[in-house]
Amino acid sequence: MSGSVGSAAGPVAGGLLTVIDWRMIFFVNLPVGAVALALLKRAQPSPRRSAPFDWTGQVAAVAALGGLTYAAIEAGADGFGTARVLVAFAVAVVAGVGYVIAQARGRHPMTPLPLLRSRTISLSVAIGFALNIGFYGMIFLLGLYLQQVHGLSALATGVAFLPMTVLTSFISPVAARLSTRFGARMPVISGQSLMVAGLLAMVAVPAGAPVWLSVVLMMPVGAGGAMAVTALVALLLDSVPAERAGVAGGVLNAARQLGGALAVAAFGALVADRAGFVDGLHTSLLIAAATVGVTVLATLSLRPAPRT
């Protein structure tokens, strides 16, 4: 719920800050971070377990993810054939191979590969990746659409996102209860399906449609994403031993953030041409819907967890 409240406040606060200077959207993280650190000092200390730091795995993972994201972003601006894009892709591939080798042969790997051999865990990670492509890709695209096509200000665009983000704050506890009562599989499938329906509905919206229609169609995407993510965490953590919960959660979060970053990079390239913006918007939304749709089909093949 706190994350949903932050998502609701973020676009509006960002719109207000751009009235002063757009760079202020980065500054706002400093006081929020300071408050978080102050609150953490009051938290009970966590139990500790001695574990060597996987320097090789950490450095390789950062290089692979950083290289891939940088290459995707710059490819949208300069094309895939430029030297720096090719170098960045090469760095990502080499670092990715090095990461896998380090995890397979290291004595204390950051991500034990046997953990990912579980079909439920690997599918949960793929679902998280796809959900962020759909959700953050939609936010990125609609933010541009409302400003460039409808001429809304940054503040008005932030307000337009408010109904969706407020709704997600109420969906999260509902999804948690559904997961407890029916198991996590049902709300994960329902949330993904709702997101696909919302994304496809946006594709059918003509460029001259009123703003309120886009605002309404955002809501199933946000609600579906909130429902699926809440249940997805339960699905993942129910599938790993307690001592591996932190590792599994870290892998899921990394996959989600990578999905969001690559969505912005790839979709940004598709809508870069102002003349073909609407076509690029529709293509991007179709890609997002198809990506989430694939994971819906994969989730349907999962066997429901036994009830205890």
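If you're wondering where the values come from, they're calculated on a predicted model, not measured in any experiment.
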Which atom pairs, donor and acceptor, lie under 3.5 Å between side-chain atoms of residues 10-18 and protein residues at least two apart or in another chain?
unit_1 : atom_1 : unit_2 : atom_2 : d
T18    : OG1    : G14    : O      : 3.4
T18    : OG1    : G15    : O      : 2.6

*In chain order, what residues pass the salt bridge (charged side-chain N to carboxylate O under 4.0 Å, His left out) check against R117, with sequence neighbours excluded?*
none

Going by heavy atoms in the side chains, are [X] and [Y] under 4.5 Å from each other?
{"X": "T165", "Y": "L162", "result": "yes"}
{"X": "S193", "Y": "I189", "result": "yes"}
{"X": "M138", "Y": "L199", "result": "yes"}
{"X": "R256", "Y": "L131", "result": "no"}

[Y] reachable from [X] in the ILVMFWY side-chain graph, under 4.5 Å edges:
{"X": "I139", "Y": "I287", "answer": "yes"}
{"X": "V87", "Y": "L68", "answer": "no"}
{"X": "I101", "Y": "L65", "answer": "no"}

*Sequence neighbours excluded, which residues qualify as side-chain contact (heavy atoms from CB on, under 4.5 Å) partners of S153?*
L155, A156

*Would you say the side chains of Y99 and T111 form a donor-acceptor pair under 3.5 Å?*
yes

*Nearest 0.5 Å please: distance from the CD1 atom of I127 over to the OG1 atom of T299.*
3.5 Å

*Under the 4.5 Å side-chain heavy-atom rule for ILVMFWY, direct or indirect, which residues accompany L39?*
V35

*Any salt bridge (Lys or Arg N to Asp or Glu O under 4.0 Å) pairs touching residues 79-94, not counting sequence neighbours?*
E74-R84, D78-R84

*Pairs where residues 126-146 contributes a residue and the test ring pair (Phe, Tyr, Trp, His ring centres under 6.0 Å) is met, not counting sequence neighbours*: Y145-H150

